[in-house]
Amino acid sequence: MSARDNLLTTPIVAGWTLAQILNTEAPNLVKIWEDCIRDDVEYGGGIYIRAGAVRPTVNSAKGNDNNMNIERFRTPPPGSQILAEFHTHNGKQPKDGRPSNEDISNHWDRTFKNPAATHVALVVTTTKEPAGGWGKYAAVTKEYAVIVWEDAAKGARIWAMPRLAEKPNFD
């Protein structure tokens, strides 16, 4: 099974899969990404589920120019569990169209230090890619991040970062 398929179909919390979350919440994430482009700042947040709920809830906040501290979103509201954390990239240039090496390293640090954390890390970006595609970028070729959803009409893409078995190497 590919890393993408595994991310989409493996239950995260309470039987919820990333595919189910994206079916209802991807449009909300794209709207937040559109706000980040308009405001030229990163946004970030968490996606949570309450016991017995039929749809997750999304909480988000504005960060700064090119940084978003999402630590506060890793603690779910009372009575909820976290399904995913996310942040946006506020550029529409090809270089902005993927999770950064820093995003991947931070994800490794978080999951390595907290093996009990089962929620997914998402990055919402532009669909623009460099000439020749992503083939030369280790984060993509080594599947440190995979594309899990795309809205071509709006130019938005959602990447997910799987739990890594070893520290990322960007060579």
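Starting from 1, each residue takes its place in the sequence as its number.
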Novice: Determine whether Asn59 and Ile47 satisfy the following criterion, side chain to side chain contact (heavy atoms under 4.5 Å, CB included), listing intermediate values before the conclusion.
Specialist: CA-CA 7 Å; Asn59 292 347; Ile47 303 173; over 6 Å; no
Novice: Once rounded to the nearest 0.5 Å, what's the spacing between atom OG1 of Thr111 and atom CG of Asn106?
Specialist: 10.5 Å
Novice: Roughly how far, to the nearest 0.5 Å, is CD1 of Ile49 from NE2 of His119?
Specialist: 15.5 Å
Novice: Could you walk me through whether Arg55 and Thr24 pass side chain to side chain contact (heavy atoms under 4.5 Å, CB included), step by step?
Specialist: CA-CA 7 Å; Arg55 184 174 178 159; Thr24 61; 3.9 Å; yes
Novice: In the structure I gave you, are the side-chain heavy atoms of Asp35 and Val41 within less than 4.5 Å of one another anywhere?
Specialist: no
Novice: Donor-acceptor pair, distance only, cut-off 3.5 Å: does the side chain of Ser80 make one with the backbone of Pro76?
Specialist: no
Novice: Show the nearest heavy-atom pair for residues Met161 and Asp103, with the distance to one decimal.
Specialist: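 What the structure gives for the nearest pair is SD-O, 3.9 Å.
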Novice: If you take all heavy atoms of Trp33 and Gly155, which pair is closest and at what distance?
Specialist: CH2-O, 3.4 Å
Novice: Please tell me if the side chains of Phe73 and Ile82 come closer than 4.5 Å, counting only heavy atoms from C-beta onward.
Specialist: no
Novice: Only pairs at least two apart or in different chains count here, so list each side-chain hydrogen bond (donor to acceptor under 3.5 Å, both in side chains) that has a residue in residues 9-19.
Specialist: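 Found Asn6-Thr10, Thr17-Gln20.
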Novice: Mind checking what makes ring pair (Phe, Tyr, Trp, His ring centres under 6.0 Å) contact with Trp149, not counting sequence neighbours?
Specialist: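 Trp149 satisfies ring pair (Phe, Tyr, Trp, His ring centres under 6.0 Å) with no residue once adjacent residues are dropped.
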Novice: Between atom CH2 of Trp159 and atom CD1 of Ile104, what is the distance when rounded to the nearest 0.5 Å?
Specialist: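 With rounding to 0.5 Å, CH2 (Trp159) is 8.5 Å from CD1 (Ile104).
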Novice: Nearest 0.5 Å please: distance from the CG atom of Leu8 over to the OG atom of Ser2.
Specialist: 8.0 Å
Novice: Is there side-chain contact between Val146 and Leu7, with heavy atoms separated by less than 4.5 Å?
Specialist: yes
Novice: Using a strict threshold of under 4.0 Å (side-chain N to carboxylate O), is an ion pair present between Asp96 and Lys128?
Specialist: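 Salt bridge between Lys128 and Asp96, a charged N being under 4.0 Å from a carboxylate O: no.
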Novice: May I ask you to test the Tyr144-Pro162 pair for a side-chain heavy-atom distance under 4.5 Å?
Specialist: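 Result no, sub-4.5 Å side-chain heavy-atom pair not found.
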Novice: I want to check something: taking the side chain as every heavy atom from C-beta on, are Glu85 and Arg110 in contact at a cut-off of under 4.5 Å?
Specialist: yes
Novice: Looking at every heavy atom in both Ala61 and Arg72, which two are closest together, and how far apart are they?
Specialist: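 Shortest heavy-atom contact: CB-NH2, 2.7 Å.
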Novice: Taking the side chain as every heavy atom from C-beta outward, state whether Pro77 and Tyr48 have any pair of such atoms under 4.5 Å apart.
Specialist: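 Counting from C-beta outward, Pro77 and Tyr48 do come under 4.5 Å.
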Novice: Please lay out, stage by stage, how Ile158 and Leu22 fare under the test side chain to side chain contact (heavy atoms under 4.5 Å, CB included).
Specialist: CA-CA 9 Å; Ile158 300 174; Leu22 293 173; 3.9 Å; yes
Novice: What's the shortest heavy-atom distance between Tyr43 and Asp39, and which atoms?
Specialist: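 Heavy-atom minimum between the residues: OH-OD2, 2.5 Å.
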Novice: How close do Ala145 and Pro99 get, heavy atom to heavy atom, and via which atoms?
Specialist: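 Result for this residue pair: CB-CG, 3.6 Å.
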Novice: Would you give the length of the straight line joining atom CG of Asn90 to atom OG1 of Thr125, rounded to the nearest 0.5 angstrom?
Specialist: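 Separation between the atoms: 11.5 Å.
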Novice: Could you check if a side-chain atom of Ile21 sits within less than 4.5 angstrom of a side-chain atom of Val120, using non-hydrogen atoms only?
Specialist: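 When only atoms from C-beta onward are counted, Val120 and Ile21 do not touch, as no gap falls below 4.5 Å.
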Novice: List the atom of Ala160, the atom of Leu18, and the distance in Å for their closest heavy-atom pair.
Specialist: CB-CD2, 3.9 Å
Novice: Evaluate the side chain to side chain donor-acceptor pair (under 3.5 Å) criterion for residues Asn28 and Glu25: first the C-alpha distance (whole Å), next the side-chain angles of each, then the deciding distance (0.1 Å), finally the verdict.
Specialist: CA-CA 5 Å; Asn28 288 334; Glu25 302 312 315; 2.5 Å; yes
Novice: Does Glu71 pair with Arg74 as a salt bridge, N-O distance under 4.0 Å?
Specialist: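 Answer for the salt bridge query: yes.
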Novice: According to side chain to side chain donor-acceptor pair (under 3.5 Å), who are the partners of Thr57, at least two apart in sequence or on a separate chain?
Specialist: none
Novice: Can you label the angle between the His89 ring and the His87 ring as parallel, tilted or perpendicular, going by 30° and 60°?
Specialist: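 Rings of His89 and His87: tilted, as their planes differ by 30° to 60°.
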Novice: Heavy atoms, side chains only, cut-off 4.5 Å: are Arg157 and Val124 in contact?
Specialist: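 No, their side chains stay 4.5 Å or more apart.
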Novice: From His107 NE2 over to Leu122 CG, what is the distance, rounded to the nearest 0.5 angstrom?
Specialist: 10.0 Å
Novice: Are Glu129 and Arg98 close enough for a salt bridge, meaning some N to O gap below 4.0 Å?
Specialist: no
